[in-house]
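Input: a single structure, listed below in structure tokens.
Each chain gets a letter, A, B and so on, in the order its sequence line appears, and its residues count up from 1.
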Protein chains: 2
Amino acid sequence: MTSNDILFKALSDPARLRILDFLRKPGSDCCTFEGKVCACDIERELGLSQATISHHMKILVAAELVAATKLGRWMHYTIRPETFAATAAWFAERAAGTAPAPRPKGSVAA
Amino acid sequence: MTSNDILFKALSDPARLRILDFLRKPGSDCCTFEGKVCACDIERELGLSQATISHHMKILVAAELVAATKLGRWMHYTIRPETFAATAAWFAERAAGTAPAPRPKGSVAA
DNA sequence: TCTATATATCGATAGATTTCGATATGTCAA
DNA sequence: TTGACATATCGAAATCTATCGATATATAGA
């Protein structure tokens, strides 16, 4: 599996897309603080079991879409903008029809 | 299923990613003509059965990643750059951390 | 240390997905 | 119309995935 395979597999589940959306605009309940969202918030937002949320977060972190930091008992999650930016470039490249190998540097249309 | 779900599911299979790559830089064999690739070329390139390729192409077309045109007995496939551009914007939006709803028009960082 | 809480892991199950061979459909050329 | 070829669809097998309850691990507080 390439890292692209891992990335797109991570994005290919509706629950995980909802999690990414929630990380962008979390509510002001519970442990959420300064855009850092804890797992229990996500669990309540999605209505899935704790085990399932833990599983999804592991996949999102492995795909480098989300960063995880442990604060005491809580895990706090945030979007990783670099990965989104790199993926935006991947799509922009293909939208522009340019081949990946023989491209002059700096020409990514992102 | 939203159209994003369909799109990301279409991208979440290694065989389909290889097909998208091949559509960008097809060889000069067989029916390939002016960047239009026929199903038999893809079949030979990937080493999968004809039924499997047909299945994958259906998914890529449904996700609007690929356009299909029938020429006589042959199906010719091409990348749909609009979809890649729109998806690039989707990622760029999230890389920039902007929310989708209350955003002034024209501020997408793509 | 003991208890409560937050998250991770395990094992199982239901449902989805990939893949194939077989067959159907559609199109061109005799 | 008939035969050959390209692609689509069908039905089945194997594998993968999402989900859960149960349990383990880790941390904070008493």
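- At whole-Å resolution of the value, NZ in B:Lys9 and P in D:dC16 are 16 Å apart.
- At the phosphate of C:dA6, neither OP1 nor OP2 sits under 4.0 Å from any side-chain N or O atom of A:Lys70.
- With ring centers used as reference points, A:Phe8 lies 6.0 Å or more from B:Phe8.
- Remark: C1' of D:dA6 and CD1 of B:Ile42 are 13 Å apart, rounded to the nearest angstrom.
- For A:Ala51, the listed nucleotide lying nearest its side chain is C:dC10; candidates were C:dG21, C:dC10, C:dT7.
- D:dA18 atom P lies 10 Å from atom CG of A:Leu60, rounded to whole Å.
- Side chain B:Gln50 to base D:dA8: a donor-acceptor pair is found below 3.5 Å.
- Between A:Leu71 and A:Asp13, the residue anchored nearer the 5' end of DNA chain D, judged by the nucleotide with its closest heavy atom, is A:Asp13.
- What separates CD of B:Glu43 from P of C:dG21 is a distance of 11 Å, to the nearest Å.
- Considering only side-chain N and O atoms, B:His56 lies under 4.0 angstrom from the phosphate OP1 or OP2 of C:dT19.
- Looking only at distances, a side-chain donor or acceptor of A:Thr83 sits under 3.5 Å from a matching main-chain atom of A:Glu64.
- Taking atom NE2 on A:His55 and atom P on D:dG21, their separation rounds to 16 Å, with Å as the unit.
- Rounded to whole Å, the distance from NE2 on B:His76 to P on D:dA8 is 12 Å.
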Q: Using the salt bridge (Lys or Arg N to Asp or Glu O under 4.0 Å) rule, take B:Asp21 and A:Arg94 through it: C-alpha gap first, then chi angles, then the decisive distance, then the call.
A: CA-CA 9 Å; B:Asp21 270 345; A:Arg94 278 149 185 80; 3.5 Å; yes
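- Between the CG atom of B:Asp5 and the P atom of D:dA18 there is a distance of 12 Å, rounded to whole Å.
- Using a distance-only test at 3.5 Å, with no hydrogens or angles considered, no donor-acceptor pair links the side chain of B:Arg80 to the main chain of B:Val66.
- Within the structure, every side-chain polar atom (N or O) of B:Lys58 is placed at least 4.0 Å from both OP1 and OP2 of D:dT7.
- Look at B:Arg73 and you won't find any side-chain N or O under 4.0 angstrom from OP1 or OP2 of C:dT25.
- Taking 4.0 angstrom as the limit, B:Thr52 places a side-chain polar atom (N or O) nearer than this to OP1 or OP2 of C:dC20.
- In this structure, CD1 of A:Ile19 is placed 13 Å from P of C:dT7, rounded to the nearest angstrom.
- The aromatic rings of B:Phe84 and A:Trp90 lie tilted to each other, with the angle between the two planes from 30° to 60°.
- The residue A:Ala39 sits close only to the backbone: its heavy atoms come under 4.0 Å of sugar-phosphate atoms, none of a base.
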